[in-house]
Amino acid sequence: MMSCDFDRAALAAYLDGESSPEQSAAAQQHLRTCTECAAEIAAMVRLRRQTRAAGSRFKPTADFRRKVQAQVVSRRPGFPAMRFATAAALSLAALILVIVWARQDATQADTFREVADLHVSDLASANPYDVVSSDRHTVKPWFQGRIPFAFNLPEFAGTEFVLLGGRIVSLHQQPAAQVIVGVGQHKISVLVAQESVLRTVFPLSHGVVVRDSFNVETWANHGLRFFVIGDADKAEVQKLALALSNANQ
Amino acid sequence: MDRAFFEQLAMPLFDQLYNHACWLTGDRADAKDLVQEAYAKALKGFGGFKEGTNMRAWMFRILRNTFLTSRSGLAAKNTDFLEDEDARPGELISHDATPEQILLRTESEQAVFAALESLPVAYREIILLCEAEEMSYREIAEVLDVPIGTVMSRLSRARAGLRAALGADLKQEVR
C-alpha cells in the first residue's frame, strides 16, 4: 500500500514542530515532489484537528470545581478573619487573572496552529489552488464575491516573489483568503480575514516572530487581519509583509 | 507551603486535568475521585515543586501516577502497559487506513472519539497529551517519565493504532 519509504515518523515530527531545521527542510523538499506523502500529511492534519476536540470533550461541573478548590484553599483556625478575607479576595483576583490569561493563551496557541495547519496542508495538497495564476489582476477579482471583504495585492513583477495562486479557506469558522507566494524554493502563505472576528483570539505580532519553526508576521489594517507565514527567511517574510501592508494602506 | 500560590498555579489546570482523567478512566465518577486525589497529593508534595519548572507537566504526572495506582489504573497497567516498547509497529500498520479513508472518517468527531476510546490507555494518553494538550515531546517525556526517544516511538505506534482503529471501523461499515 505504501510505496514511498520516506520516514513517516519524520513527517509526524515535522507536523508536531519537533524536527530540526535540516529535518524540516528535508520533509518540505520531499513533500513538494511526493504526492503520496502529501496526501499522508493532509490526512494527519485532518486527524489532528479532530483529535484536538477530545481536549474539551468532558467538562467538570461548577460544584465539583468548588469542592476541589475548597480542599486546596487554606482554612487555618484562628487566622484573623479580616486578613483571611483580604487574602482570599486577593488570591481570587489573581486566580481570575491567571485563568483569563491561560484561556487566552490557549486560544491564541490554537489559532496559531490553525494558521500553521492551513499553510502546511496547502504545501501538502496536490491541487493547492482554486485559482492558479501569477497575475494579481486575475487572482484579486477571483476572490470578489467569494469572500465578504476586499484586499489588494502588491505588484510582484520584478521582485523575487512569484504569485502562485489562491484559495478560500476557513479560519476560526470565518471565510478567509489564502494567497500563496513563492520565493526561491519556499512557499509563503498570506491569509486575510476580517479583523472583527479574530481580534480577540490572535495577538498582533509587531514584526516577524518564530512559531513552531515557521516565520510569521501578523497585523491588522482597516478592519482586515493579515497573516504572512512560511519557512522562508525572516527577511523575506518581512519584505512580503511590508509590500502587502503598503498595498493595503 | 503556600496554599494560595499552589491554588494560583494548579487551579487553572482544573478543566484540562478533569478532561484527561475522564479519558483515562472512561468514567466520570472515577475521574472525579482521581482529580480530587491528584490535587490532594500535589498539595502535599508542593514543597518539592521547584518554582520555574513546568507546573502543567508536574500536575499531569501526578494525575497519571495516581491513576496507575487506582483500581482501574492497575487493571490497565497489567494489560495495556505491558511490554509496550516491544510491540512491532508492523502489526498495527497491517490493516492501516489509507489517507483517503482517514479523510472520510474524520468527518465525524464521534468516529474519532470512539477510535480513541478503543485504544489501550498508554496510546490514548500519549495522543491526548500531544494533540489535545498540545504538549511538546519534552513535556510528554516529563509526564510519562520516559526518554524522548520512547515518546517518539510510542507516539508513532499510538497514531498507527488510532488509524488502524478508524480503518477497522470503516471496514465494518462497508460490510
Side-chain angles (χ1 to χ4, degrees), chain A residues 1-2 7-13 16-18 36-61 64-65 67-69 71-76 87-88 90-92 94-103 105-106 109-110 113 124, chain B residues 2-23 28 31-32 35-36 39-40 42-43 93 96-103 105-109 111-113 116 124 127-128 130-134 136-138 148 152-153 155-156 159-160 162-163 166:
Chain A
M1 185 166 42
M2 287 282 287
D7 188 5
R8 263 201 199 184
L11 281 185
D16 290 339
E18 296 269 357
E36 192 178 322
C37 288
E40 175 66 26
I41 208 158
M44 285 178 178
V45 167
R46 189 72 175 267
L47 185 54
R48 183 167 80 170
R49 222 179 254 188
Q50 288 289 6
T51 317
R52 203 175 294 157
S56 50
R57 186 184 185 193
F58 304 104
K59 299 212 168 51
T61 60
F64 180 52
R65 172 186 272 276
K67 188 175 168 190
V68 175
Q69 182 129 18
Q71 201 182 19
V72 163
V73 172
S74 167
R75 282 204 197 131
R76 268 169 249 145
L90 278 177
S91 75
L92 183 67
L95 176 71
I96 290 167
L97 275 177
V98 169
I99 292 173
V100 168
W101 173 81
R103 289 252 164 90
D105 199 49
D110 206 43
R113 272 215 174 173
Chain B
D2 188 345
R3 277 175 178 248
F5 185 50
F6 174 78
E7 187 194 354
Q8 271 178 35
L9 290 180
M11 284 314 287
L13 300 167
F14 187 75
D15 288 10
Q16 292 160 262
L17 287 165
Y18 175 77
N19 180 69
H20 196 69
C22 286
W23 277 106
R28 278 178 181 256
K32 275 183 169 182
V35 168
Q36 216 170 340
Y39 269 89
L43 183 61
I93 290 173
D96 191 6
T98 65
E100 293 74 25
Q101 289 172 328
I102 292 290
L103 286 183
R105 290 309 293 167
T106 49
E107 291 290 344
S108 150
E109 198 174 81
V112 177
F113 287 174
L116 266 176
R124 187 161 66 231
I127 287 181
L128 286 166
C130 180
E131 317 283 31
E133 300 305 328
E134 301 189 13
S136 66
Y137 292 176
R138 182 171 297 280
I148 288 195
M152 289 165 79
S153 57
L155 187 59
S156 79
R159 282 173 167 158
L162 180 63
R163 290 177 57 155
L166 281 168

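This structure is a prediction, so every number in the text was calculated from the model and none was measured. So you know, we letter chains A, B, ... as the sequences are listed, proteins then strands, and number each from 1.
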Which residue out of A/Ala13, A/Ala12, A/Ala54, A/Ser56 racks up the most heavy-atom pairs below 4.5 Å with chain B?
A/Ala54
Answer key: most heavy-atom pairs under 4.5 Å with chain A among B/Glu133, B/Gln16, B/Arg159 is B/Arg159
B/Leu155, part contacting chain A, at a heavy-atom distance under 4.5 Å
side chain
Does B/Tyr18 reach the main-chain N or O of A/Arg65 with its side chain, forming a donor-acceptor pair under 3.5 Å?
no
Engaged part of B/Gln36 at the chain A interface, taking heavy atoms whose separation is under 4.5 Å
both
Between B/Tyr137 and chain A, with a heavy-atom cut-off of 4.5 Å, which part of the residue counts as in contact: side chain, backbone, both or neither?
both
Does B/Trp23 have B/Arg124 sitting over its ring (NZ/CZ under 6.0 Å from centre, angle to axis within 45°)?
no
Is the count of non-hydrogen atoms from other residues, nucleotides or ligands lying under 6.0 Å from A/Arg57 atom CZ greater than 12?
yes
Would you say that A/Asp16 contacts A/Arg48 through its side chain, given a criterion of any heavy-atom pair below 4.5 Å between the two side chains?
yes
Is the shortest side-chain N to carboxylate O distance from A/Glu18 to B/Arg138 below 4.0 Å?
no
